[in-house]
Amino acid sequence: MTDNVIRTERLTKSYGKSRGVVDLDITVNCGEIYGYLGPNGAGKTTTIRTLLDFIRPTRGRVTVFGLDAHADSLAIRRRVGYLPGELSLYKDMTGHGFLRYMAGLRGGVEWKYVETLAGHLACNLAQPIRTLSHGNKQKLGLVQAFMHKPELLILDEPTQGLDPLVQQRFYHLLAEARAAGRTVFLSSHVLPEVAKTCDRVGIIREGRLVAVEQVAALKAKALRRLEIRFAAAVPPAVFAGLPGVRDVRVENGALHCTVVGPLDLVVKTAAQFEVVDLVSHEPSLEEVFLAHYSSEEAGGRT
Amino acid sequence: MMLRNIFLKTFHDQRRSLLWWALGILSYALTIAAFYPAIRNMPAFNELLSAAPKELMAAFVGNFTDLTSPAGYLNSQIFFMIGPLLFVIYTIGQGSRAIAGEEENGTLDLLLANPMPRWRAVAEKFGALVLGTLGLAVVLWVGLAAGAVVVKMDINPVRLAEATFSAALLGLAFGALALALGCAAGNRGLSIGVASGLALATYLLNALGASVEQADPYRKLSPFYYATAADPLTNGLNWGHVAVLMGLIAVFFATALFLFQRRDLAV
């Protein structure tokens, strides 16, 4: 399949003990934004670094643009923009000097576009990098990843340390990249971010790919924790019987429950009583996994 | 300043340290030259030194009989120990930093995400190390040659250049070793430690071999032997010895490229 920009087949990378990845089969299609979701230490960075030939698989095969990740690494890296997860820059350079250096090493970078990107992300180019905040360094990392308009962007935790305004501008860059037909492979440990920006999500846990979903399907399965405070006590049994509602209990005078899927029925049921307050918590990644596993079990592990 | 490649960047990064090295070496060379007239007019200096145990002296100033002649003086004060060690310290520092330094600082991923083969990063870094070493050698030579003119020390500037080159070449051998260790292990401390330890051990081996008969056959295992034993300041370069040092540099450099190409990079 030449349409696969990234393809790993039974990719395994073992480090002495537990860290690493096991039998990963990942396919990323041309033109999509693929979110690689998992808690810290799940193996996201390990996977990404095999794509760029920084580390070599213990077993399995990795191709990018249909080229072998090791043998054809040079040709691959020419077409890839990369943002490392643990970004470290040259502390003594200014942002400007750093970007010039990276552009010089790569060659064929249009400096006007670098300036446009830096302006878009409001980069501080004049200060020495050692004086910059984490977020400001991250922005320089993003500019160097995007500056040569690569066909494939590999971004390891791109929004780490970015303030919300800059995050929005980064999402805008992603949208632009998608519109231009480029492919994005981004890792994250934050579900809402992936849900907001990606077309498809692969979930990795303890080195194994546990699920691949369209974002729309993931949202349908989304799990939320609700906390509803009523003017007068409401028996939990009213909610316990609703489909998709679990773990109903009353704590400190507020009703708590977990809802999988749409909230519609819960809200309509609650509306029959006098609601003082309603809080919906974003689920943690662990809770998403739990929801995923339990729904698979309910479906007889298809 | 436009830094278009790793070579220029590496050179640029060490500009301050290189400047201090140059100033230090220059002032050392001038000081050594400045003291020569005093030593020359003090024939007792030889006797003073010969009163000390011969083996001990040989370990620090080499096996030179006339320490008041220009060549004997410069050999004992610079070319037997201090000069080679200065170059070795500089090159081990730079060689270990080249790849392992970037790896430990976490900048190596960013560097090698560029479309360049790994060997090129190593080669450009080593190129900067070679140029820096040769630059310092020129500074040492200029300092000594100019100092010799001022104090009317009768020394052949060409021989002086040959002795300096020999010491610089020795430095490059240990620099290439430190580079290879850094490329193999990605650990700067390990590279510095092992390379410095070997430098010290082989220095002592050569120095002892010069004075202790039982150690003599093993002198040829020491790179210091090939830099100093033929006395290039008096006799000019011994091309066989130069070839050995060049060979060491080539082998260590090739090992660096080979091991770095094969291994996983640390985050």
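Bear in mind the structure is a predicted one, so any value in this text is a computation, not a measurement. Here is how names work: the chains are called A, B, and so on, in the same order as the sequence lines, proteins then strands, and each is numbered from 1.
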Is a side-chain donor or acceptor of [X] paired with a backbone partner of [Y] at a separation under 3.5 angstrom?
X: A:R49; Y: B:A266; result: yes
X: A:R77; Y: B:A113; result: no
X: B:T107; Y: A:Y90; result: no
X: B:N5; Y: A:G104; result: no

Spacing of [atom1] belonging to [X] relative to [atom2] belonging to [Y], to within rounding of 0.5 Å:
X: B:H12; Y: A:D92; atom1: NE2; atom2: CG; value: 9.5 Å
X: A:M93; Y: B:D13; atom1: CE; atom2: CG; value: 7.0 Å
X: A:S88; Y: B:E104; atom1: OG; atom2: CD; value: 12.0 Å
X: B:N105; Y: A:L89; atom1: CG; atom2: CG; value: 11.0 Å

Using heavy-atom distances under 4.5 Å, tell me whether [X] contacts chain A through its side chain, its backbone, both, or neither.
X: B:I6; result: both
X: B:R263; result: backbone
X: B:D109; result: both
X: B:Q261; result: both

Looking at [X], I'd like to know if its [atom1] atom is crowded, meaning that more than 12 non-hydrogen atoms belonging to other residues, nucleotides or ligands lie closer than 6.0 Å.
X: B:W21; atom1: CH2; result: yes
X: A:R10; atom1: CZ; result: no
X: B:R16; atom1: CZ; result: no
X: B:R4; atom1: CZ; result: no

Considering only heavy atoms, which portion of A:I76 lies under 4.5 Å from any heavy atom of chain B: side chain, backbone, both, or neither?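 Contact with chain B is absent: no heavy atom of A:I76 under 4.5 Å.
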Heavy-atom contact with chain B under 4.5 Å, split by part of A:R79: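 Contact with chain B involves no heavy atom of A:R79 at all.
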Closest non-hydrogen atom pair between B:L110 and A:M102, with its separation: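 Taking every non-hydrogen atom into account, O-CE, 3.3 Å.
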Using every non-hydrogen atom in the two residues, find where B:M116 and A:L105 come nearest and quote the distance to one decimal.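 B:M116 and A:L105 have their closest heavy atoms at CE-CD2, 3.9 Å.
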Could you check if a side-chain atom of A:Y101 sits within less than 4.5 angstrom of a side-chain atom of B:L111, using non-hydrogen atoms only?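 Counting from C-beta outward, A:Y101 and B:L111 do come under 4.5 Å.
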